[in-house]
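What you see is a predicted model, and the numbers here were worked out from it, not measured in a lab. Sequence lines set the chain letters: A, B, ... in the order given, protein chains first and strands last, and positions in each chain run from 1.
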Amino acid sequence: MPKSDFLRVFEERGFIHQCSDLEGLDALAASGPVSGYIGFDCTAPSLHVGSLLQIMMLRWMQKTGHRPIALMGSGTTRVGDPSGKDESRKVLSEADIEANKNGIRTVFDRFLDFGSGPTGALMVDNADWLLGLNYISFLRDVGRHVSVNQMIQRDSVRMRLEREQHLSFLEFNYMVLQGYDFVELARRFGCRLQLGGSDQWGNIISGIDLGRRMENVELFALTSPLITTASGAKMGKTAAGAVWLNADLVSPYEYWQFWRNTEDADVGRFLRLFTDLPLDEIARLEALGGAEINEAKKVLATEATALLHGRAAAGEASEAARRTFEEGTRADALPTITVAEADLAAGIGVLGLFVQAGLMSSNGEARRAIRGGGLRINDTAVTDEKAVVSAVDLAEGAIKLSHGRKKHVLVRAG
RNA sequence: GGGGGAGUGUCCCGAGCGGCAAAGGGGGCGGACUGUAAAUCCGCUGGCGUACGCCUUCGUAGGUUCGAGUCCUACCUCCCCCA
């Protein structure tokens, strides 16, 4: 049983997959505040649920008396992490990377306290030290300490070699750069720990080696398990795309719905990982059987949404869901679009309207959905593709469009 | 540099004698059943159009053909072997 609050909480909640030196880290954490970091790629304008686990780890670090560092990887994103990928993807422009970084960073304010004390969170960008590197100097200062012998022992590399698959020098170097990040953070902020997903193990370990050789400092690695749903699906992907964390991409209501639709078998695990609720409360919720487990799912949804979007928004989402699904009445907090009053007066074709509402991506899809009985207007199934929606359909100022049982959008004139 | 193999429906994998909007999976969405769950069964899974229909898709660009994913040429990318 770990002595430090930090590792005890991590263990109890299921954040630990692998650690380079559990006892050593435990002793370090028990002796005082530790700085630990996680790197985030800038490949998209927002993080998605897949990164939430990492963010929660930073959060718990802080809550247990340590200093979390969020590293924006705008430098390494210029190279691209090959881990777990068959081939490299398209290269992002520097402007895109910069824009992505700005989109991503806003989320952290919700989860971390960037105060100035010893446990105040930090946000840094590895572009600050990577972009200015000189190739020859880097080789002399850093490259001399990097052991290729050890690097080729790493799982990711060894597997490629054994299977005689191509491994480019570029891919090989990503590991070195990430390792160098760790050393740089150790130098600048006394950072001793790097956290990450289990796929990052090799990259993190190379940083530990580098730290020992260059700075003679002992660094630590702690990875989290890969989170899949009980049915084996990767987390956070839906047909509409990833479940983004930024509110302009996925509204609090939609975010709440995402969690509400958790599989039974995942509820307990997700409560531990993605909420702050105390463990005894989670144990109680998890024990609920049959349809009662739905209560636990609502708690999960509200707590997770509150963390990201605030308690008020979570409450609204919850209330909107209650009205929509339990009372069968309309909730004004549902996602809403506005159409010009004149257009509505003139009448709008159903197909186009569903596309405008974002529920359908093309007229053809809408047509097919209607044939399959999947679309409803004001809770009445649409049977005619040629139907026209107009102001007559307004009920209490809005028209409710539905795709399936779960997705609803309100249309208002304006 | 030489030799061999491969790139298919913009989610993935993957069939494809010259007539193909292109088999089959997986995934996803919808319907039924449920508890906004899972499992199961059924349907859908290029764009436009009310419609006979039109348009765009098989790495890229040309060519041969009434007609090309399918044949030819060049190029690009990837993989393997040899140098």
### Message
Under the criterion salt bridge (Lys or Arg N to Asp or Glu O under 4.0 Å), I'd like the reasoning laid out for A:Lys63 against A:Asp5: C-alpha separation, chi angles, the key distance, then a yes or no.
### Response
CA-CA 9 Å; A:Lys63 283 168 76 86; A:Asp5 286 348; over 6 Å; no

Q: Determine, step by step, whether A:Arg272 and A:Glu286 satisfy the salt bridge (Lys or Arg N to Asp or Glu O under 4.0 Å) criterion, reporting the C-alpha distance in whole Å, the side-chain angles of both residues, the deciding distance to 0.1 Å, and the verdict.
A: CA-CA 10 Å; A:Arg272 276 187 289 277; A:Glu286 189 176 19; 3.2 Å; yes

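Nucleotide B:A15 forms no Watson-Crick or G-U wobble pair with any nucleotide shown, as no partner meets the under 3.5 Å limit on both distances. Using N1 to N3 plus N6-O4 or O6-N4 for Watson-Crick, or N1-O2 and O6-N3 for G-U wobble, each under 3.5 Å, B:G69 pairs with nothing. Here B:U57 sits opposite no nucleotide as a Watson-Crick or G-U wobble pair (both hydrogen-bonding atom distances under 3.5 Å). Of all nucleotides present, only B:G5 satisfies the Watson-Crick or G-U wobble test against B:C78, with each distance under 3.5 Å. With a cut-off of 3.5 Å on both pairing distances, B:A37 has no Watson-Crick or G-U wobble partner at all.
Rounded to an integer number of Å, the gap from CZ of A:Arg260 to P of B:A37 is 8 Å. Computed from coordinates, the A:Tyr255 OH to B:U36 C1' distance equals 18 Å when rounded to whole Å. Note: CD1 (A:Ile293) to C1' (B:A39) measures 17 Å, nearest angstrom. Going from atom NZ of A:Lys406 over to atom P of B:C29 covers 8 Å, rounded to whole Å.
Both A:Phe325 and A:Arg405 sit near RNA chain B, but only A:Arg405 has its closest nucleotide nearer the 5' end. Comparing A:Lys407 and A:Leu351 by the nucleotide of RNA chain B that holds the closest heavy atom to each, the one mapping nearer the 5' end is A:Lys407.
Here, B:C75 and B:C81 have their P atoms 24 Å apart, quoted to the whole Å. When the C1' atom is compared between B:A21 and B:G46, the two are found 8 Å apart, to the nearest whole Å. The gap from the P atom of B:C42 to that of B:U50 amounts to 33 Å, rounded to the nearest Å. For the P atom pair drawn from B:C66 and B:C58, the interatomic distance equals 23 Å after rounding to whole Å. B:C72 and B:U64 have their P atoms separated by 15 Å, with the value rounded to a whole Å. Nucleotides B:G31 and B:A37 have their P atoms positioned 10 Å apart, rounded to a whole Å. Between B:G63 and B:C80, the distance separating the two C1' atoms is 31 Å to the nearest Å. Between B:G25 and B:G35, the two C1' atoms lie 31 Å apart (nearest whole Å).
For the residue pair A:Glu254/A:Ser251, the side-chain donor-acceptor check at 3.5 Å is satisfied. Side-chain atoms of A:Gln200 and A:Asn203 include a donor-acceptor pair closer than 3.5 Å.
With a glycosidic angle further than 90° from 0, B:C33 counts as anti.
A:Cys191 and A:Ile69 make their closest contact through CB-CD1, 4.1 Å (heavy atoms, listed as atom of the first residue, atom of the second, distance).
RNA chain B lies under 4.0 Å from at least one heavy atom of each of the following residues of residues 358-379 of chain A: A:Ser362, A:Asn363, A:Gly364, A:Arg367, A:Arg368, A:Gly372, A:Gly373, A:Gly374. Annotation: proximity of residues 277-292 of chain A to RNA chain B (heavy atom, distance under 4.0 Å) is found for A:Gly290, A:Ala291, numbered in ascending order. Residues of residues 294-312 of chain A that place a heavy atom closer than 4.0 Å to RNA chain B, in numerical order, are A:Asn294, A:Lys297.
Less than 6.0 angstrom separates the ring centroid of A:Phe274 from the ring centroid of A:Trp259. Here A:Phe114 and A:Phe108 keep their ring centres 6.0 angstrom or further from each other.
Set against B:C29, B:U36, B:G35, the side chain of A:His403 has B:C29 as its closest nucleotide. Nearest to the side-chain atoms of A:Asn261 among the listed nucleotides B:A37, B:G35, B:U50 stands B:A37.
By the 4.0 Å N-to-carboxylate-O rule, A:Glu319 lies close enough to A:Arg322 to be salt-bridged with it. Ion pairing of A:Glu295 with A:Arg284 is absent here, as no side-chain N (NZ or NE/NH1/NH2) approaches a carboxylate O to less than 4.0 Å.
Under the 3.5 Å distance criterion, the side-chain polar atoms of A:Arg260 are left unmatched by any main-chain donor or acceptor of A:Ala321. For A:Ser46 (side chain) and A:Asn246 (main-chain N/O), a donor-acceptor pair under 3.5 Å exists by modelled atom type.
Residue A:Thr262 is in sugar-phosphate contact alone, with no base atom involved, counting any heavy-atom pair closer than 4.0 Å across all strands shown.
Within 6.0 Å of atom CD in A:Glu396, 12 or fewer heavy atoms from other residues, nucleotides or ligands are found, so the atom counts as exposed in its surroundings. Within 6.0 Å of the CD atom in A:Glu281, the count of heavy atoms belonging to other residues, nucleotides or ligands exceeds 12.
Between the side chain of A:Gln257 and the base of B:U36 there is at least one donor-acceptor pair of N/O atoms closer than 3.5 Å.
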